[in-house]
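Only this structure's heavy atoms are used, side chains among them; waters, hydrogens and symmetry mates stay out. Since the model is a prediction, treat every value here as computed from it, not as a measurement.
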Amino acid sequence: EQDSEIMDANDQPQAKVTRSIVFVTGEAAPYAKSGGLGDVCGSLPIALAARGHRVMVVMPRYLNGSSDKNYAKALYTAKHIKIPCFGGSHEVTFFHEYRDNVDWVFVDHPSYHRPGSLYGDNFGAFGDNQFRYTLLCYAACEAPLILELGGYIYGQNCMFVVNDWHASLVPVLLAAKYRPYGVYRDSRSTLVIHNLAHQGVEPASTYPDLGLPPEWYGALEWVFPEWARRHALDKGEAVNFLKGAVVTADRIVTVSQGYSWEVTTAEGGQGLNELLSSRKSVLNGIVNGIDINDWNPTTDKCLPHHYSVDDLSGKAKCKAELQKELGLPVREDVPLIGFIGRLDYQKGIDLIKMAIPELMREDVQFVMLGSGDPIFEGWMRSTESSYKDKFRGWVGFSVPVSHRITAGCDILLMPSRFEPCGLNQLYAMQYGTVPVVHGTGGLRDTVETFNPFGAKGEEGTGWAFSPLTVDKMLWALRTAMSTFRQHKPSWEGLMKQGRRKDHTWDHAAEQYEQIFEWAFVDQPYVM
């Protein structure tokens with residue numbers, strides 16, 4: 001048995017050059033998660049560690065009642081530091097857990113101990129989020145220098161991987177407060193943008209609270225356009241955490257190649273498009289991976305039947321079980337369309353709402369799982385009562401149900417207005433479910449439109465439609481449904497081609513290694 005374990009370890013592809021990598025993030029599964037950021041920072045570090053790197057993840061130790069048990073195995077390190085910011089000296093401590101060959105480091109401070117979600121409560125975002133994540137960034141810079149994990153520190157030759165605005169002060173601190181004194185001269189930083197819409201913008205008057213030298217104000221300086229200002233006397237002056245990282249990070253990565261282009265456009269750049277365009281030479285896109293331990297139809301514990309790419313008979317059984325569970329007529333011949341996600345404007349729920357009356361005239365079944373805007377939640381309930389044999393709306397979210405819908409549906413619909421990466425389409429292809437998506441961001445990168453007359457025969461993994469209109473979405477759905485009914489061999493080919501795509505985290509980790517190599521070729525940022 002020991003020999004078998006050694007052989008399995010040797011089979012894992014190893015990196016050509018191993019590094020000390022420090023992830024800094026506001027969340028990481030399974031400890032704390034509110035979205036895709038948590039999935040990435042819970043999986044990518046493990047994939048990099050499996051390839052031979054020494055990896056640390058630094059995140060807050062959130063204690064809100066429901067998440068306390070997630071940190072049960074994290075041990076107090078007896079290390080504490082005092083951080084000079086926000087008009088005082090604030091003490092933080094560190095907790096540590098070693099799991100899956102990764103050092104999970106949790107920064108502890110009273111500001112992380114409160115009811116609600118990670119970033120806010122029922123009344124909105126917490127008013128002191130800037131303070132909370134300033135502490136995180138300072139602590140992340142100190143952790144490699146003071147924490148003896150496994151007997152020795154990480155040291156100064158590190159690659160910092162900073163994720164979204166919560167960690168964006170790290171590259172600014174490295175350039176402003178460490179390198180001028182000879183510390184971290186051999187380190188580099190990579191900014192990973194998961195969602196450019198959130199930038200950590202606060203009034204300019206808060207800059208002195210950050211503890212940065214006055215001459216570094218320009219790195220974070222942000223001026224709102226006139227139309228976005230609150231009144232005529234408002235100068236629109238602010239500080240922008242994410243902008244600071246865009247200016248000072250050595251490399252910038254978005255979570256898909258398509259999104260790396262979109263953030264340089266006026267439509268997708270959220271005001272940072274010109275700055276990101278100026279840094280195009282260091283801007284790349286890498287599609288997120290998926291955890292094939294959790295999302296694998298051959299072993300998924302949430303499914304009533306298992307299946308593989310060679311034997312898809314179990315998928316038909318999963319479809320029948322899902323129809324029974326939802327109270328829909330059990331019919332193998334009818335296309336079952338699914339949607340899983342937040343019920344909000346970004347996800348294109350308004351288009352689905354407009355399309356449903358026309359779509360329900362077809363011989364089709366439709367199931368939706370999600371929560372969000374109360375108006376859309378009410379619409380789902382009323383639509384279910386209007387089309388009892390065709391439509392089901394599950395308000396809320398359940399991980400087991402999401403797995404069963406992914407496996408049981410024939411088609412997964414994703415009409416998102418923008419999608420930096422998207423994971424549901426990757427899960428769908430892994431389960432032999434054909435995605436129909438709006439061709440934007442990561443959806444355009446990962447879903448290849450079906451072409452029955454390709455150079456190598458039938459090609460594609462689904463349908464990507466554009467522009468985002470009800471007519472175009474209905475056209476794509478009708479084309480998919482027609483293929484499902486009338487061209488079974490082609491449909492089975494679509495299912496198998498999606499299953500054969502490599503969406504593992506190991507594939508993504510290999511691409512990140514190339515980014516790190518490029519970062520260390522160039523000199524670090526200096527003012």
**Q** Does the side chain of F23 reach to within under 4.5 Å of the side chain of I21, using non-hydrogen atoms?
**A** yes

**Q** How about W505 and V40: do any of their side-chain heavy atoms sit closer than 4.5 Å?
**A**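 SC-SC contact between W505 and V40 confirmed.
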
**Q** Given 3.5 Å as the limit, does a donor-acceptor pair link the side chain of D121 with the main chain of S117, or not?
**A** no

**Q** So which atom in F366 and which in M360 form the shortest heavy-atom distance, rounded to 0.1 Å?
**A**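 What the structure gives for the nearest pair is CB-CE, 4.0 Å.
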
**Q** Strictly distance-based, threshold 3.5 Å: is any side-chain N or O of R132 a donor or acceptor partner for the main-chain N or O of S111?
**A**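 Here the side-chain-to-backbone pair exists.
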
**Q** Ignoring hydrogens and geometry beyond distance, is a side-chain donor-acceptor pair present between Y119 and E27 at under 3.5 Å?
**A**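 Yes, a side-chain donor-acceptor pair sits under 3.5 Å.
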
**Q** State whether the number of non-hydrogen atoms from other residues, nucleotides or ligands found under 6.0 Å of N122 atom CG is greater than 12.
**A**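 Count not over threshold, so no.
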
**Q** Side chains of D310 and Y307: closer than 4.5 Å at any heavy-atom pair?
**A** no

**Q** Without swapping roles, check the side chain of H438 against the backbone of S416 for a donor-acceptor pair under 3.5 Å.
**A** yes

**Q** Counting neighbours of CH2 on W261 that are heavy atoms of other residues, nucleotides or ligands and sit closer than 6.0 Å, is the number greater than 12?
**A** no

**Q** Any side-chain heavy-atom pair from F516 and R251 closer than 4.5 angstrom?
**A** no

**Q** When you measure from the side chain of D373 to the backbone N and O of I375, does any donor-acceptor pair fall under 3.5 Å?
**A** yes

**Q** Is there a donor-acceptor contact under 3.5 Å linking the side chains of Q270 and Q199?
**A**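 Absent: no donor and acceptor within the cut-off.
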
**Q** Taking it one step at a time, do T264 and R279 satisfy side-chain contact (heavy atoms from CB on, under 4.5 Å)?
**A** CA-CA 9 Å; T264 63; R279 302 218 66 197; over 6 Å; no

**Q** Pairing donors with acceptors under 3.5 angstrom, does anything connect the side chains of N163 and H194?
**A**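 Yes - a donor-acceptor pair under 3.5 Å links their side chains.
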
**Q** Any chance CZ of F397 has more than 12 other-residue heavy atoms, nucleotides or ligands included, within less than 6.0 Å?
**A**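 Result for CZ/F397: enclosed.
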
**Q** Whether the S313 and D311 side chains hold a donor-acceptor pair (N or O, under 3.5 Å, no angle test) is what I'd like checked.
**A** yes

**Q** With a 4.0 Å cut-off on N to O distance, would you call D410 and R485 a salt bridge?
**A**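 Salt bridge flag = no for R485 with D410.
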
**Q** Looking at Q497 and E458, what are the two nearest heavy atoms and their distance?
**A**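 Closest approach of Q497 to E458: OE1-O, 3.4 Å.
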
**Q** If you compare all heavy atoms of A480 against all heavy atoms of V436, which two are closest, and at what distance to 0.1 Å?
**A** CB-CG2, 4.0 Å

**Q** Keeping E384 on the side-chain end and G393 on the backbone end, is there a donor-acceptor pair under 3.5 Å?
**A**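 Such a contact is found between E384 side chain and G393 backbone.
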
**Q** Between K319 and E332, what is the shortest heavy-atom contact and its length?
**A**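 Looks like NZ-O, 3.1 Å.
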
**Q** For side-chain contact (heavy atoms from CB on, under 4.5 Å), just list the numbers for Y133 and D164, CA-CA rounded to whole Å, side-chain angles, deciding distance to a tenth of an Å, and then say yes or no.
**A** CA-CA 11 Å; Y133 295 106; D164 277 352; over 6 Å; no

**Q** Against the six-membered ring of Y31, is K33 placed for a cation-pi contact (under 6.0 Å from the centre, within 45° of the normal)?
**A**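 No, a cation-pi geometry is absent between K33 and Y31.
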
**Q** Do any N or O atoms from the side chain of N288 and from the backbone of I290 form a donor-acceptor pair under 3.5 angstrom?
**A**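 No; zero donor-acceptor contacts below 3.5 Å.
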
**Q** Decide yes or no for I352 and F339: does some side-chain heavy atom of the first lie under 4.5 Å from some side-chain heavy atom of the second?
**A** yes

**Q** Checking the side chain of Q257 only, and the main-chain atoms of V287 only, is there a donor and an acceptor separated by less than 3.5 Å?
**A**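 Looks like no, no N/O pair under 3.5 Å.
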
**Q** Do T298 and N296 meet the criterion of a side-chain donor-acceptor pair at a distance under 3.5 Å?
**A**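 N296 and T298 do have a side-chain donor-acceptor pair below 3.5 Å.
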
**Q** Should L283 and T254 count as side-chain neighbours, where that means a heavy-atom distance under 4.5 Å?
**A** yes

**Q** Ignoring hydrogens and angles, tell me if any N or O in the side chain of T461 forms a donor-acceptor pair with the backbone of G498 under 3.5 Å.
**A** no

**Q** Could you report the tightest heavy-atom contact between F450 and T483, atom names first, then the distance?
**A** CE2-CG2, 4.5 Å

**Q** Take T248 and S189 through the test side-chain contact (heavy atoms from CB on, under 4.5 Å) and record every step on the way to the result.
**A** CA-CA 8 Å; T248 55; S189 60; 6.0 Å; no

**Q** If the threshold is 4.0 Å, N to carboxylate O, is there a salt bridge linking K496 and E492?
**A**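 The answer is yes: the pair qualifies as a salt bridge.
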
**Q** Check D294 against Y431 and note the closest heavy-atom contact, atom names and distance.
**A** O-OH, 3.9 Å

**Q** Taking NZ, NE, NH1 and NH2 as the nitrogens, is one of them in R478 or E358 under 4.0 Å from a carboxylate oxygen of the other?
**A**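 Salt bridge between R478 and E358, a charged N being under 4.0 Å from a carboxylate O: yes.
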
**Q** Donor-acceptor pair, S482 side chain versus T479 backbone, under 3.5 Å?
**A** no

**Q** Between OG of S256 and CZ of R444, what distance do you get to the nearest 0.5 Å?
**A**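 So the OG of S256 and the CZ of R444 are separated by 8.0 Å.
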
**Q** Is the positively charged end of R114 above the ring of F126, judged by distance under 6.0 angstrom from the centroid and angle within 45° of the axis?
**A**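 Judged by the rule, R114 and F126 form a cation-pi pair.
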
**Q** Should W295 and H403 count as side-chain neighbours, where that means a heavy-atom distance under 4.5 Å?
**A**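 Side chain of W295 against side chain of H403, heavy atoms only: contact under 4.5 Å found.
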
**Q** For atom NZ of K488, decide whether the heavy atoms of other residues, nucleotides or ligands shown that lie under 6.0 angstrom number more than 12.
**A** yes

**Q** Can you measure from SG (C421) to CG (L37) and round to the nearest 0.5 angstrom?
**A** 12.5 Å

**Q** Rounded to the nearest 0.5 Å, what's the gap from OG1 on T190 to CD1 on I515? Could you check?
**A** 7.5 Å

**Q** Between Y512 and V192, is there a side-chain heavy-atom distance shorter than 4.5 Å?
**A**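 Side-chain contact under 4.5 Å: yes.
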
**Q** Are the side chain of T433 and the backbone N or O of T406 linked by a donor-acceptor pair below 3.5 Å?
**A** yes

**Q** For K243 and S168, does a side-chain donor sit closer than 3.5 Å to a side-chain acceptor?
**A** no

**Q** Any chance you could measure R499, atom CZ, to Q430, atom CD, to the nearest 0.5 Å?
**A** 5.0 Å

**Q** When the ring planes of F224 and W222 are compared, do they come out parallel, tilted or perpendicular, using 30° and 60° as the limits?
**A**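 Perpendicular.
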
**Q** Atom NZ in K390, atom CG in L328: separation rounded to 0.5 Å?
**A**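 It is 11.5 Å, given to the nearest 0.5 Å.
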
**Q** Might you work through the salt bridge (Lys or Arg N to Asp or Glu O under 4.0 Å) test for D350 and R417, ending with a clear yes or no?
**A** CA-CA 11 Å; D350 55 317; R417 281 184 163 77; 2.8 Å; yes

**Q** Set out, in order, the CA-CA distance, both residues' side-chain angles and the distance that settles side-chain contact (heavy atoms from CB on, under 4.5 Å) for L276 and L196, then state yes or no.
**A** CA-CA 11 Å; L276 285 162; L196 194 62; 4.0 Å; yes

**Q** Measuring from atom NZ of K301 to atom NE2 of H306, what distance do you get when rounded to the nearest 0.5 angstrom?
**A**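 One finds 9.5 Å between NZ of K301 and NE2 of H306.
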
